[in-house]
Amino acid sequence: MERWDRIGRGAGYGAALALLPYLLIKVSWVVGSLMGLLPVGSGFGVTEWVVLNTVTIGMAAIGIALALALVRPWGMRIPGPLVAFCAWVGSGFLVSLLPFGVLGALLDAGGGTLDAGAGDPADPADPADPAMPAWEGVLVQFGFLGMGLGLAVAAPAHLRRRWPQAFTGRVGDGPRTALPRAAVVATAVVGTAVGLFWLYWAAGGTVGIARPAGRVTDWYTLGAVSGFWALAGSAAVGVITRGRPARLPRWLPVVFGWVGSGSLFAWSAWKLPLTLYMAWADPVGARPPENLAVAVMLHGCAVLAGAAMLRTLVRAAVPPSPSRHSRRPRERGATTGRRTGRRRRSAPGAGSPHGPGPPGTWC
């Protein structure tokens, strides 16, 4: 356990250091665009560009603070649910995209990065867009991949210190938590449906596509990775709630459910307002290949499914400790039994050493 903590501590510091260039680049974009020294992204005005990048600056600052909170002593003084929620969103953003970075490198997908010049961190950057020079694209991708790798190690180490019961043992160990079956089934169905639709698009499907020419290799790869995590998260939550297969190590479905539900929630919660903005403002050169109405529906379902999957995962994987109220009936019963025993022993011949007495009168 100490060795695992040391590795997690190094990963947390590395994650914070890796994301620092991204934060500085975003600050330079905002300052440069306000001073007229740097161009804005394609399809955006100065105001929209500044607002969007200011939001990403805040997200990067929270990510760096989260990486440090996972390894520093003061992080244990922060309420556990707050740290867990930030780690869940951060893992959904970055840990889930690690396969995308590997596949993108293998496929040589046009030098795209995880952060677009148009403001969507999922879309590839246009090499001709002056808002994203090649060297900045390399630093941005390094920051995202480094932060993702760091979170993949530091977050489990921190969460295991707080909730060890969620990572130890087997799936079938201990009492099962009663969960609303209809809610669990609905969550799994919605998450699976969204994942299958994304995989259908990744396989070349055209239903719900408004601009087929806008689909590039990175777009297909991202759709395949997102679909995989949606299905993996739904399956993992189903394994945890059913308690089968019973001998499966608990940490395995917990990790896949954690990252899968976080991917559904984080990316769709980010893309949903951007998609609504595009539907309202209709910016030139910033429209995605998907039909905007279909994209809004998918992202909305993904946000709800991801949040519901996390709730189900937490309730099933981290059973609540017995409360004071649940102990009172046993304490009253134990007290009553002792009093009854004393009364029975005080009765003539009842439970005395000279006679067997009624069964159960001796403590």
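In what follows, residues are counted from 1 in the order of the sequence shown. Every value quoted in this text rests on a predicted model; they were computed, and no experiment measured them.
- From L252, atom CG reaches atom CG of L248 across 5.0 Å, with rounding to the nearest 0.5 Å.
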(request) Test Y22 against T56 for side chain to side chain contact (heavy atoms under 4.5 Å, CB included), laying out the working first. (result) CA-CA 9 Å; Y22 174 81; T56 57; 3.5 Å; yes
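- In this structure, R160 and W251 have side chains that are not in contact, with every pair of non-hydrogen atoms separated by 4.5 Å or more.
- By the rule that hydrophobic residues join a cluster once side-chain heavy atoms approach within less than 4.5 Å of another member, W88 and I78 end up as members of one cluster.
- A154 approaches G8 most closely through the heavy-atom pair CB-O, 3.5 Å.
- Of the inter-residue distances, the one linking L97 atom CG with L145 atom CG reads 8.5 Å to the nearest 0.5 angstrom.
- I240 is not listed as a side-chain neighbour of R315, based on a closest heavy-atom distance of 4.5 Å or more.
- One finds the CH2 atom of W270 at 5.0 Å from the CE atom of M59 (value rounded to the nearest 0.5 Å).
- When all heavy atoms of P164 and R161 are compared, the pair lying nearest together is CD-O, 4.1 Å.
- At a threshold of 4.5 Å between non-hydrogen side-chain atoms, the residues W49 and V46 do not count as touching.
- Under a cut-off of 6.0 angstrom, the local environment of CH2 in W280 is sparse, with at most 12 non-hydrogen atoms contributed by other residues, nucleotides or ligands.
- When side chains are defined from C-beta on, V50 counts as touching S33, because their heavy atoms get closer than 4.5 Å.
- Here the CG-CG distance, from L19 to L24, works out to 10.0 Å after rounding to the nearest 0.5 Å.
- Within a 6.0 Å radius of CZ in F256, no more than 12 heavy atoms belonging to other residues, nucleotides or ligands are found.
- Side-chain atoms of V31 and L38, non-hydrogen and from C-beta on, never get closer than 4.5 Å to each other.
- Aromatic ring pairs are classed by plane angle as parallel below 30°, tilted from 30° to 60° and perpendicular above 60°; the pair W201 and W219 is tilted.
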(message) Using the rule given for side chain to side chain contact (heavy atoms under 4.5 Å, CB included), can you reason through T187 versus V237, listing the C-alpha separation, both sets of side-chain angles and the distance that settles it, and then say yes or no?
(response) CA-CA 9 Å; T187 299; V237 171; 5.8 Å; no
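- Shortest non-hydrogen contact noted between G146 and A18 is CA-CB, 3.9 Å.
- Tracing side-chain contacts under 4.5 Å through hydrophobic residues (I, L, V, M, F, W, Y), one reaches W267 starting from F85; they form part of the same cluster.
- In this structure, S234 and A188 approach most closely via the heavy-atom pair OG-O, 3.8 Å.
- Within the 4.5 Å cutoff, the side chain of V83 has heavy atoms near those of the R162 side chain.
- Nearest heavy-atom pair, H158 versus L70, reported as atom, atom and distance to 0.1 Å: ND1-O, 3.3 Å.
- Transitive grouping of hydrophobic side chains (ILVMFWY, heavy atoms separated by less than 4.5 Å) keeps L231 and L98 in distinct clusters.
- Within the 4.5 Å cutoff, the side chain of W258 has no heavy atoms near those of the V95 side chain.
- Hydrophobic clustering (ILVMFWY, side-chain heavy atoms < 4.5 Å, transitive): L151 and V89 are in one cluster.
- Separation of atoms NZ (K271) and CE (M278) is listed at 10.0 Å; rounding is to 0.5 Å.
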(message) For a side chain to side chain contact (heavy atoms under 4.5 Å, CB included) check, start with the C-alpha distance between M309 and F265, then their side-chain angles and the critical distance, and finish with the verdict.
(response) CA-CA 10 Å; M309 287 166 62; F265 178 87; over 6 Å; no
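- Both M147 and Y13 are members of a single hydrophobic cluster when ILVMFWY side chains are connected at heavy-atom separations under 4.5 Å.
- At distances below 3.5 Å, at least one donor-acceptor pair connects side-chain atoms of E48 with backbone N or O atoms of G45.
- In this structure, the side chains of S96 and V225 stay at 4.5 Å or more apart for every pair of heavy atoms.
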Result block: side-chain N/O donor-acceptor pairs under 3.5 angstrom for residues 289-306, not counting sequence neighbours:
from, atom 1, to, atom 2, distance (Å)
N291, OD1, A293, N, 3.0
N291, OD1, V294, N, 3.2
H299, ND1, S268, OG, 3.3

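- Note that CD1 of I25 and CG of N53 are 11.0 Å apart. Values are rounded to the nearest 0.5 Å.
- Contact detail for I57 and K26: the closest heavy-atom pair is CG1-CB, 3.5 Å.
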